[in-house]
Amino acid sequence: MHKVILITGATAGFGRAIAVKFAENGYDCIITGRRKELLEELEDELRQTFNADVLPLHFDVRKLDEVEKAIGSLSGKWRDIDILVNNAGLAAGLHPVHEGVIDDWERMIDTNIKGLLYMTRLVAPLMAARNQGHIINIGSIAGKEIYPNGNVYCGTKSAVDAITKGTRIDLVSHNIKVTQIAPGAANTEFSLVRFKGDRERAGHVYDGFIPLFANDVAEVTYYVTILPDHVNINDLVIMPTAQANATTIVRRGKK
Ligand code: NDP
Ligand code: 8X3
C-alpha cells in the first residue's frame with residue numbers, strides 16, 4: 001500500500017518540489033495551498049507524469065476553521081497520513097523594527113507559527129492513533145541566527161525551531177519522528193513575496209552566487225524519510241556552498 005504525505009504550501013517553491021519528489025517515489029499526495037488553480041495544475045502534473053493519487057485541498061493555514069474543515073474532510077486512506085510537511089510560510093518586508101509594518105508581522109506570525117501549530121494539532125492525533133508518522137517542519141537559517149531587519153521573520157523561525165523540539169519531546173512516546181529542515185538562501189517565490197512583487201529587488205538577493213533551488217530542499221526532505229525506522233534526523237541545516245551563515249555570502253565580482 002502506498003504511503004500518504006500531506007504538504008502545506010505545495011503551490012510553489014519547496015512545497016511544490018517536495019510533492020513532485022514524493023509522487024515520483026510512489027507516495028499518495030495531499031497537496032495544499034491557497035491558489036486553487038496552481039493546485040489543480042500540480043494535481044494534473046502528478047497524475048499524468050507519475051500516475052500518482054492526489055488530493056488537492058484548498059485552504060489558508062492561518063484560518064483555524066478552514067484547517068479543521070480540510071482535515072475533517074479526510075476519509076479512508078487519506079486519514080492515514082504518514083508524513084506531514086509543515087512548509088507553508090513567508091517573510092514579508094525587511095525593515096528595522098521601529099519602521100516595521102504591523103500587518104506584515106501579523107501575516108508572518110499567523111502563517112509561520114500559528115498555521116504550523118494548527119496543522120500539527122489536527123494531524124498529529126491521527127498519527128498518534130496509529131503509533132507512527134513523521135512531521136517535518138521547514139524552519140530556516142533565520143531561526144538559527146538573527147540578521148539585520150530580520151527581526152520578526154527570524155522570530156517566527158526561531159519559534160519553529162523551539163516548537164519542533166517540543167513536538168519531538170511530546171510525540172516520541174507515540175513513535176512519531178519530528179524533523180526540522182532549515183535552509184539558507186533559496187531561489188523560489190520567497191523574495192518576490194518578501195518584497196511584495198518587486199522583481200528587481202527580489203532578483204538581486206541572488207546576485208553573484210548560486211543559491212539553493214527548490215529541488216535541493218526536496219532531495220533532503222526525501223532523504224530524511226528513507227532512513228531506517230530507528231533513525232531520525234532531528235535538525236538539518238542546508239546552505240548554498242557560497243553561504244557560510246545568515247549574513248556571509250560570497251558573491252562573484254564583489255569584495
Ligand atoms: P514560496 O513563496 O515559493 O512558497 C510558499 C508556499 O507557502 C506557497 O505554496 C504558498 O501558497 C504557501 N503559503 C503561504 N502562505 C500561506 C497560507 N496562509 N496558507 C496556505 N499556504 C500558504 O516560498 P518557499 O518555497 O521558499 O518557502 C517555503 C518555506 O520555506 C517557508 O516556510 C519559508 O519561510 C521557508 N524558507 C525559505 C527559504 C528561502 O530562501 N526561499 C529559506 C529557508 C526557509 P499559496 O500562496 O498558494 O497559499
Ligand atoms: C529564508 C532565508 O535568511 O533569507 O528563510 O531569511 S533568509
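Numbering of ligands and ligand atoms starts at 1, following listing order.
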> Determine whether any heavy atom of Ala142 lies closer than 4.0 Å to an atom of ligand 1.
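For ligand 1, residue contact (heavy atoms, under 4.0 Å) with Ala142 is absent.
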> For ligand 1, is any non-hydrogen atom under 4.0 Å from Lys157's backbone (N, CA, C, O), its side chain (CB onward), both, or neither?
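The part of Lys157 near ligand 1 is the side chain, not the backbone.
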> By the ring pair (Phe, Tyr, Trp, His ring centres under 6.0 Å) test, which pairs, at least two apart or in different chains, include something from residues 168-194?
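Sorted result for residues 168-194: Tyr153-Phe190.
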> Would you say Asn112 and ligand 1 have an N/O pair spaced under 3.5 Å apart?
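No, no N or O pair falls under 3.5 Å.
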> Starting from atom 3 (O) of ligand 1, what is the nearest protein heavy atom, named by residue and atom, and what distance separates them?
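Atom 3 (O) of ligand 1 sits closest to the protein heavy atom Glu189 N, 3.1 Å.
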> Does ligand 1 have any atom that is closer than 4.0 Å to a heavy atom of Thr8?
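Flag not set, Thr8 not near ligand 1.
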> Looking only at heavy atoms, is any part of Tyr206 under 4.0 Å from ligand 1, and if so is it the side chain, the backbone, or both, or is it neither?
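Under 4.0 Å from ligand 1, Tyr206 contributes no heavy atoms.
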> For atom 5 (C) of ligand 1, what is the nearest protein heavy atom, given as residue, atom name and distance?
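Residue, atom and distance for the closest contact: Gly89 O, 3.8 Å.
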> Compute the minimum heavy-atom distance from Gly139 to ligand 1 and say whether it is under 4.0 Å.
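Yes, Gly139 has heavy atoms under 4.0 Å from ligand 1.
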> So for ligand 1, is Val61 a polar contact partner (N or O within less than 3.5 Å, distance only)?
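Between Val61 and ligand 1 (N or O atoms, distance only) the closest approach is under 3.5 Å.
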> Any nitrogen or oxygen of Phe14, side chain or backbone, less than 3.5 Å from one on ligand 1?
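So ligand 1 has an N or O lying under 3.5 Å from an N or O of Phe14.
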> Using a strict 4.0 Å threshold on nitrogen-to-oxygen distance, state whether Asp104 and Lys196 make a salt bridge.
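Salt bridge: yes.
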> Can you tell whether the side chains of Lys63 and Asp65 come within less than 4.0 Å, N to carboxylate O?
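Asp65 and Lys63: not salt-bridged.
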> Is any side-chain heavy atom of Leu90 less than 4.5 Å from a side-chain heavy atom of Arg107?
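In contact.
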> Using a strict threshold of under 4.0 Å (side-chain N to carboxylate O), is an ion pair present between Arg168 and Asp235?
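Here Asp235 does not pair with Arg168 in a salt bridge, since their nearest N and O are not under 4.0 Å apart.
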> Regarding Asn232 and Asn234, do their side chains bring together a donor and an acceptor under 3.5 Å, going by distance alone?
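Their side chains do contain a donor-acceptor pair, which is all the 3.5 Å distance test asks for.
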> Are any of the N/O atoms in Arg34 less than 3.5 Å from those in ligand 1?
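It does: an N or O of Arg34 is found under 3.5 Å from an N or O of ligand 1.
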> Can you pull out the closest protein heavy atom to atom 40 (O) of ligand 1? Residue, atom name and distance to 0.1 Å, please.
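Atom 40 (O) of ligand 1 sits closest to the protein heavy atom Ala186 N, 2.9 Å.
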> Going by atom types alone, do Thr248 and Asn245 pair a side-chain donor with an acceptor below 3.5 Å?
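Judged by distance alone, the side chains do pair up.
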> Only heavy atoms of Gly13, strictly under 4.0 Å: list the atoms of ligand 1 that pass.
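Ligand 1 atoms under the 4.0 Å threshold to Gly13: 3 (O), 25 (O).
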> Working note: Val178 + Ile169, criterion side-chain contact (heavy atoms from CB on, under 4.5 Å); need CA distance, chi angles, decisive distance, verdict.
CA-CA 9 Å; Val178 180; Ile169 293 165; over 6 Å; no
> Which protein N or O atoms sit under 3.5 Å from any N or O of ligand 2? Give each pair with its distance.
{"unit_1": "ligand 2", "atom_1": "5 (O)", "unit_2": "Ser140", "atom_2": "OG", "d": "2.5"}
{"unit_1": "ligand 2", "atom_1": "5 (O)", "unit_2": "Tyr153", "atom_2": "OH", "d": "2.6"}
{"unit_1": "ligand 2", "atom_1": "6 (O)", "unit_2": "Tyr147", "atom_2": "OH", "d": "2.4"}

> Does atom CZ (Arg35) have a neighbourhood of more than 12 heavy atoms from anything else shown, all under 6.0 Å?
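Atom CZ in Arg35 is crowded, with more than 12 foreign heavy atoms closer than 6.0 Å.
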> Would you be so kind as to tabulate the donor-acceptor pairs closer than 3.5 Å made by side chains of residues 13-27, with sequence neighbours excluded?
{"unit_1": "Arg16", "atom_1": "NH1", "unit_2": "Glu45", "atom_2": "OE1", "d": "3.2"}
{"unit_1": "Arg16", "atom_1": "NH2", "unit_2": "Glu45", "atom_2": "OE1", "d": "2.8"}
{"unit_1": "Lys21", "atom_1": "NZ", "unit_2": "Glu219", "atom_2": "OE1", "d": "3.3"}
{"unit_1": "Lys21", "atom_1": "NZ", "unit_2": "Glu219", "atom_2": "OE2", "d": "3.1"}
{"unit_1": "Asn25", "atom_1": "OD1", "unit_2": "Tyr222", "atom_2": "OH", "d": "3.3"}
{"unit_1": "Asn25", "atom_1": "ND2", "unit_2": "Lys21", "atom_2": "O", "d": "2.8"}

> For atom 31 (C) of ligand 1, tell me which residue out of Asn87, Ile138, Val217, Thr188 has the closest non-hydrogen atom.
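It is Asn87 whose heavy atom sits nearest to atom 31 (C) of ligand 1.
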> Which residues pass the side chain to side chain contact (heavy atoms under 4.5 Å, CB included) test with Asp80, sequence neighbours left out?
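Asp80: side chain to side chain contact (heavy atoms under 4.5 Å, CB included) contacts with Arg130.
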> What residue and atom, counting heavy atoms only, is the protein's closest point to atom 4 (O) of ligand 1, and at what distance?
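Checking every protein heavy atom, the shortest distance to atom 4 (O) of ligand 1 gives Ala12 CB, 3.9 Å.
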> Out of Thr32, Ile141, Thr11, indicate the one that has the non-hydrogen atom closest to atom 45 (P) of ligand 1.
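Nearest option to atom 45 (P) of ligand 1, by heavy atoms: Thr11.
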> Only heavy atoms count here, so choose which of Pro183, Gly9, Ala10 is nearest to atom 43 (C) of ligand 1.
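Nearest option to atom 43 (C) of ligand 1, by heavy atoms: Pro183.
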> Give me the nearest non-hydrogen protein atom to atom 42 (C) of ligand 1 as residue plus atom name, then the distance to 0.1 Å.
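Of the protein heavy atoms, Gly184 O, 3.2 Å lies nearest.
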> Could you check whether Thr120 and Asn86, counting side-chain N and O atoms only, form a donor-acceptor pair closer than 3.5 Å?
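Present: a donor and an acceptor within the cut-off.
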> Between Asp207 and Arg251, does any NZ, NE, NH1 or NH2 come within less than 4.0 Å of an OD or OE carboxylate oxygen?
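Looking at Arg251 and Asp207, the cut-off is not met.
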> What protein heavy atom sits nearest atom 33 (C) of ligand 1, and how far off is it?
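Among all protein heavy atoms, the one nearest atom 33 (C) of ligand 1 is Tyr153 OH, 3.7 Å.
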> Let me confirm one number: the CD1-OG1 distance from Ile113 to Thr111, rounded to the nearest 0.5 Å.
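These two atoms lie 10.0 Å from each other.
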> So, the side chain of Thr179 versus the backbone of Ile233: is there a donor-acceptor pair under 3.5 Å, distance only?
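The answer is yes, because a donor-acceptor pair under 3.5 Å joins these two groups.
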> When you look for heavy atoms under 4.0 Å from ligand 1, do you find them on the side chain of Asp60, its backbone, both, or neither?
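The part of Asp60 near ligand 1 is both the backbone and the side chain.
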> For atom 13 (N) of ligand 1, what is the closest protein heavy atom, and at what distance to 0.1 Å?
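Nearest neighbour among protein heavy atoms for atom 13 (N) of ligand 1, to 0.1 Å: Ala88 CB, 3.8 Å.
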> May I ask you to say whether Asp161 pairs ionically with Lys165, meaning some side-chain N is under 4.0 Å from a carboxylate O?
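The answer is yes: the pair qualifies as a salt bridge.
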